[in-house]
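Have a look at the structure below before the remarks.
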Amino acid sequence: MGRQVTKYWVVGASWGGEDHQDQRFVEQGIWVLGYEEGSQFQRAAEMEEGDRIAIKRMKGKGQVGIRILHLGIIKGVIRDSNLIICTVDWVVTNLDRDISESRGCFKSVHGPYDHDSWIEEIFCL
């Protein structure tokens, strides 16, 4: 029996808040959480094959909401001692989709989310 509920993740791809990795991740078919930071690492360790993933970027100082850059489907997860590496089928890239509500997505890993109107706005094709 396969699992029945799709989980959705909204993730960052800027190391140190400035070193943007999203193009490299897309080209290599991966997403990486490259540091062990308690709850962020534990949350990323919950990612599973078949989950949906969206790379977001903050809009900048004083601006609200987030921009969605890339959408994908997780194909596999490697859980190392200090890294989480997801292999990803990046289905849609270079979106630059404006999402007016950030729902507090300021760190690297947010989710898992259930399907609702906000998730639909992020992940719709």
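We number each residue from 1, following the sequence as shown.
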| request: In sequence, state the C-alpha distance, the side-chain angles, and the governing distance for I66 and E101, and then conclude on side chain to side chain contact (heavy atoms under 4.5 Å, CB included). | output: CA-CA 7 Å; I66 54 177; E101 184 184 352; over 6 Å; no
| message | Can you tell whether the side chains of D89 and R52 come within less than 4.0 Å, N to carboxylate O? | response | no
| task | Answer yes if V77 and I73 sit in the same cluster of Ile, Leu, Val, Met, Phe, Trp and Tyr residues linked by side chain heavy atoms under 4.5 Å apart, and no otherwise. | result | no
| request: Mind listing the closest non-hydrogen atom pair of T6 and G50 along with its distance? | output: CG2-O, 4.3 Å
| query | If Ile, Leu, Val, Met, Phe, Trp and Tyr residues are connected whenever their side-chain heavy atoms lie under 4.5 Å apart, and connections chain through other members, are V91 and V11 in the same group? | reply | no
| Donor-acceptor under 3.5 Å (Q40 side chain, S108 main chain) | yes
| note | Minimal heavy-atom distance between I55 and A13, with the atoms involved, is CG2-CB, 3.8 Å
| task | Identify the two heavy atoms, one from D114 and one from Y8, that lie closest to each other, and give their separation to 0.1 Å. | result | C-CD1, 4.3 Å
| query | Q23: what forms a side-chain hydrogen bond (donor to acceptor under 3.5 Å, both in side chains) with it, not counting sequence neighbours? | reply | N94
| task | Step by step, work out the side chain to side chain contact (heavy atoms under 4.5 Å, CB included) result for V88 and I53. | result | CA-CA 8 Å; V88 179; I53 187 170; 3.8 Å; yes
| What residues form a side-chain contact (heavy atoms from CB on, under 4.5 Å) with R67, not counting sequence neighbours? | R57, K59, L69, D96
| message | Please enumerate all residues that pass side-chain contact (heavy atoms from CB on, under 4.5 Å) together with R97, with sequence neighbours excluded. | response | I68, L71, L95, I99, C124
| field | Pair listing, ring pair (Phe, Tyr, Trp, His ring centres under 6.0 Å) test, anchored in residues 55-114, at least two apart | value | Y113-W118
| remark: Value for CD1 (I122) from SG (C105), rounded to nearest 0.5 Å, stands at 6.5 Å
| said: Minimum heavy-atom separation for D116 and R103, please, with both atom names. | reply: OD2-NH1, 2.9 Å
| What are the two closest non-hydrogen atoms of C86 and M47, and how far apart are they? | SG-SD, 3.5 Å
| Nearest-0.5 Å distance, CZ of residue R43 to NZ of residue K107 | 8.5 Å
| task | Could you name each residue pair satisfying side chain to side chain donor-acceptor pair (under 3.5 Å) that touches residues 71-80, not counting sequence neighbours? | result | none
| request: List in chain and number order the residues that pass salt bridge (Lys or Arg N to Asp or Glu O under 4.0 Å) with E46, two or more places apart in sequence or in another chain; answer none if no residue qualifies. | output: none
| remark: dist K7:NZ -> I119:CD1 (nearest 0.5 Å) comes out at 13.0 Å
Could you give the side-chain donor-acceptor pairs of residues 27-34 under 3.5 Å, partners two or more places apart or in another chain?
from, atom 1, to, atom 2, distance (Å)
Q28, OE1, R24, NH1, 3.3
W31, NE1, G12, O, 2.8

| query | Got D51 and W9 here, is their nearest side-chain heavy-atom distance under 4.5 Å? | reply | yes
| request: Tell me, please, which residues at least two apart from E120 pass side-chain hydrogen bond (donor to acceptor under 3.5 Å, both in side chains). | output: H115
| field | Members sharing V64's hydrophobic cluster (side chains within less than 4.5 Å) | value | none
| request: Apply side-chain contact (heavy atoms from CB on, under 4.5 Å) to I78 and list each qualifying residue two or more places apart in sequence or on a separate chain. | output: I85
| query | How long is the gap from CG on D22 to NZ on K56, to the nearest 0.5 Å? | reply | 11.5 Å
